[in-house]
Amino acid sequence: MDPDALSKAFVEHYYTLFDANRAALANLYQESSMLTFEGQKIQGSQNIVAKLTSLPFQQCQHSITTVDCQPSGPVGGMLVFVSGNLQLSGEQHALKFSQMFHLMPTQQGSFYVLNDIFRLNYA
């Protein structure tokens with residue numbers, strides 16, 4: 001699969017899970033994974049999912065504007081940069097966000113998130 005198609009498929013899968021069942025995101029991370037969420041660094045799959053499931057909103061809807069990707073390193077990793085809008089339930093205006101994923105291949109032929117950086121974009 002070409003990198004652009006792969007990155008778009010990953011992004012669709014990630015945000016579908018995030019919007020419907022954040023706990024299911026645990027399968028996309030490993031213990032070596034790190035999330036930086038608004039400047040806070042969190043290491044490990046369980047800690048990352050604990051952070052994501054404890055966010056102060058229950059329902060949200062991501063709307064993706066752009067997905068850019070680049071191959072990364074000799075072992076088949078990939079950088080994926082996403083920008084879009086985040087609509088929180090009960091809020092009138094969507095929030096703009098950017099998120100970067102560093103995907104690494106697994107032994108099984110899929111990918112996991114090694115690094116994940118999330119920021120809200122304030123105008």
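- Checked by atom type and distance alone, the side chain of Ser33 pairs as donor or acceptor with a backbone atom of Val113 at under 3.5 Å.
- With sequence neighbours excluded, no residue forms a side-chain contact (heavy atoms from CB on, under 4.5 Å) with Ala50.
- Between Tyr14 and Phe101, the gap from one ring centroid to the other is short of 6.0 Å.
- Among residues two or more places apart in sequence or in another chain, the side-chain contact (heavy atoms from CB on, under 4.5 Å) test is passed with Lys8 by Val67.
- Residue Leu79 is not grouped with residue Leu103 when hydrophobic side chains (ILVMFWY) are merged at heavy-atom distances under 4.5 angstrom, including chains of intermediate members.
- Between Ser7 and Asp4, the closest heavy-atom pair is OG-O, 2.9 Å.
- For Ser72, the side-chain hydrogen bond (donor to acceptor under 3.5 Å, both in side chains) partners two or more places apart in sequence, or in a different chain, are His102.
- Every residue two or more places apart in sequence or in another chain that forms a ring-ring contact (aromatic ring centres under 6.0 Å, His included) with His62 is listed here: Tyr15, Phe18, Phe97.
- Residues forming a side-chain contact (heavy atoms from CB on, under 4.5 Å) with Ile117 (at least two apart in sequence, or on another chain): Thr36, Met100.
- Closest heavy-atom contact between Thr65 and Gly84: OG1-CA, 3.4 Å.
- Taking the side-chain hydrogen bond (donor to acceptor under 3.5 Å, both in side chains) definition, one finds that Ser83 meets it with Thr66, sequence neighbours left out.
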Step-by-step side chain to side chain contact (heavy atoms under 4.5 Å, CB included) determination, Phe10 to Leu28: CA-CA 10 Å; Phe10 167 79; Leu28 298 178; 4.3 Å; yes
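- The side-chain contact (heavy atoms from CB on, under 4.5 Å) search around Asn47 returns Ile42, not counting sequence neighbours.
- Leu114 belongs to a hydrophobic cluster with Val75, Met104, Tyr112, counting contacts under 4.5 Å between side-chain heavy atoms of Ile, Leu, Val, Met, Phe, Trp and Tyr, direct or through other members.
- No more than 12 heavy atoms of other residues, nucleotides or ligands sit less than 6.0 Å from atom CD of Gln59.
- Considering NZ of Lys41 and CE of Met34, their distance stands at 7.0 Å, rounded to 0.5 Å.
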Between Ser98 and Val82, does a side chain to side chain contact (heavy atoms under 4.5 Å, CB included) hold up when you go through it step by step? CA-CA 6 Å; Ser98 297; Val82 180; over 6 Å; no
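- Within the structure, every pair that satisfies the ring pair (Phe, Tyr, Trp, His ring centres under 6.0 Å) test and touches residues 36-56, not counting sequence neighbours, is listed here: Phe37-Phe118.
- Using a 4.5 Å heavy-atom threshold, the side chains of Glu31 and Ser45 count as touching.
- Cluster annotation: Leu95 is not connected to Phe81 through the hydrophobic network of ILVMFWY side chains, with a link wherever side-chain heavy atoms come within less than 4.5 Å.
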Check the pair Gln43, Leu35 against side chain to side chain contact (heavy atoms under 4.5 Å, CB included), reporting the backbone distance first and the verdict last. CA-CA 6 Å; Gln43 179 99 37; Leu35 166 67; over 6 Å; no
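- Applying the side-chain hydrogen bond (donor to acceptor under 3.5 Å, both in side chains) rule to Thr53 yields no partners; only residues at least two apart in sequence or on another chain are considered.
- In this structure, the side chain of Gln99 does not engage the main chain of Arg119 through any donor-acceptor pair within 3.5 Å.
- The side-chain hydrogen bond (donor to acceptor under 3.5 Å, both in side chains) test applied to Gln40 returns Lys51, not counting sequence neighbours.
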Residue pair Arg22, Leu17: steps toward the side chain to side chain contact (heavy atoms under 4.5 Å, CB included) verdict: CA-CA 6 Å; Arg22 279 178 251 169; Leu17 284 178; over 6 Å; no
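- Applying the 6.0 Å contact sphere to CD of Gln58 captures no more than 12 heavy atoms from other residues, nucleotides or ligands.
- Looking at Ser89, its side chain never comes within 3.5 Å of a backbone N or O of Cys60 through a donor-acceptor pair.
- Evaluation of the ring-ring contact (aromatic ring centres under 6.0 Å, His included) rule for Tyr29 yields no partner, not counting sequence neighbours.
- The structure places CG of Leu52 at 6.0 Å from CG of Leu25, a figure rounded to the nearest 0.5 Å.
- Using a 4.5 Å cut-off on side-chain heavy atoms (C-beta onward), Asn85 and Gln61 make no contact.
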